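In this text the structure is predicted, and so the values were computed from the model without any measurement.
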Amino acid sequence: QVQLRESGGGLVQAGGSLRLSCAASGHTFSSYAVGWFRQAPGKEREFVAAVNWSGGRTYYADPVKGRFTISRDNAQNTVYLQMNSLKPEDTAVYYCAASTDLITVIRMGSLDYWGQGTQVTVSS
């Protein structure tokens, strides 16, 4: 069993930065691929970024490439999302989720575990 908890959201001006954290409980966390997803008001949840179990492979959605960086520290059971050059259209609730299969994470398939989400608001 893995439990995920996001933190680090908040209000930031356009062009600013935030770092989100996804802290996990459970000794098997290091065997899971983890992704970040977001859902803006009135829109469907969408994939943002993913990292494989070791941190050696990362994937990004086109709208965030070059601005967001996903990383993980398995010793700390934490996955991070560094968000730079934020835009108002990045405003959303951000969720982390885990699966043993990286492709499932990238395609936002049937993920095993989800966090509760953290709000990110970017003002113009």
With a 3.5 Å distance limit and no angle check, can you tell me whether [X] reaches the backbone of [Y] through a side-chain donor-acceptor pair?
X	Y	answer
Thr78	Gln76	yes
Tyr60	Ile70	yes
Glu6	Gly117	yes
Thr104	Gly109	no
Thr91	Thr121	no
Asn74	Asn77	no
Ser54	Gly56	yes
Gln116	Arg5	no

Practice task
Tell me, yes or no, whether the heavy-atom count around Trp53 atom CH2, taken from other residues, nucleotides or ligands under 6.0 Å, exceeds 12.
Solution key: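 No - once you tally the heavy atoms of other residues, nucleotides and ligands closer than 6.0 Å, there are 12 at most.
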Problem - Flag if over 12 foreign heavy atoms under 6.0 Å of CD, Gln39 - result: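 More than 12 heavy atoms, drawn from other residues, nucleotides or ligands, come within 6.0 Å of this atom.
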Problem - Connected via hydrophobic side-chain network under 4.5 Å: Val2 and Leu102 - result: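 No, because Val2 and Leu102 fall into different hydrophobic clusters, even though each may have its own neighbours under 4.5 Å.
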Exercise for the section: Decide whether Val93 and Val12 are clustered together by the hydrophobic rule: side chain heavy atoms of Ile, Leu, Val, Met, Phe, Trp, Tyr closer than 4.5 Å, transitively. Expected result: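 Unlinked, Val93 and Val12 end up in two clusters.
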Does any non-hydrogen side-chain atom of [Y] lie less than 4.5 Å from one of [X]?
X	Y	value
Leu111	Val105	yes
Leu11	Gln119	no
Trp114	Leu4	no
Ser17	Gln82	yes
Val51	Val79	yes
Thr58	Phe68	no
Arg38	Leu81	no

Problem - Counterpart residues, ring pair (Phe, Tyr, Trp, His ring centres under 6.0 Å), relative to Phe47 (two or more places apart) - result: Phe37
Handout entry: Residues which pass ring pair (Phe, Tyr, Trp, His ring centres under 6.0 Å) with Tyr80, listed by chain and number, not counting sequence neighbours
Key = none
Closest approach of [X] and [Y], non-hydrogen atoms and distance?
X	Y	result
Ser85	Asp90	O-OD2, 4.4 Å
Ala40	Ala92	N-CB, 3.8 Å
Cys22	Trp36	CB-CZ2, 3.6 Å
Ala14	Ser124	CB-CA, 4.3 Å
Ser99	Asp112	CA-OD2, 3.3 Å

Practice task
Go through the steps for Lys87 and Arg67 under the test side chain to side chain contact (heavy atoms under 4.5 Å, CB included), then give the verdict.
Solution key: CA-CA 10 Å; Lys87 305 175 181 180; Arg67 300 188 298 122; 3.8 Å; yes
Handout entry: Charged tip of Arg45 within 45° of Tyr95 ring normal and under 6.0 Å
Key =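 Yes, Arg45 and Tyr95 form such a contact.
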Practice task
Identify whether NZ of Lys or CZ of Arg in Arg72 sits under 6.0 Å from the centre of the six-membered ring of Tyr32 and within 45° of that ring's axis.
Solution key: no
Practice task
Determine, stepwise, if the pair Asp62 / Lys65 fulfils salt bridge (charged side-chain N to carboxylate O under 4.0 Å, His left out).
Solution key: CA-CA 5 Å; Asp62 286 343; Lys65 281 181 181 177; 3.0 Å; yes
Problem - Gap between atom OG of Ser31 and atom CG of Asn52 - 0.5 Å precision - result: 11.5 Å
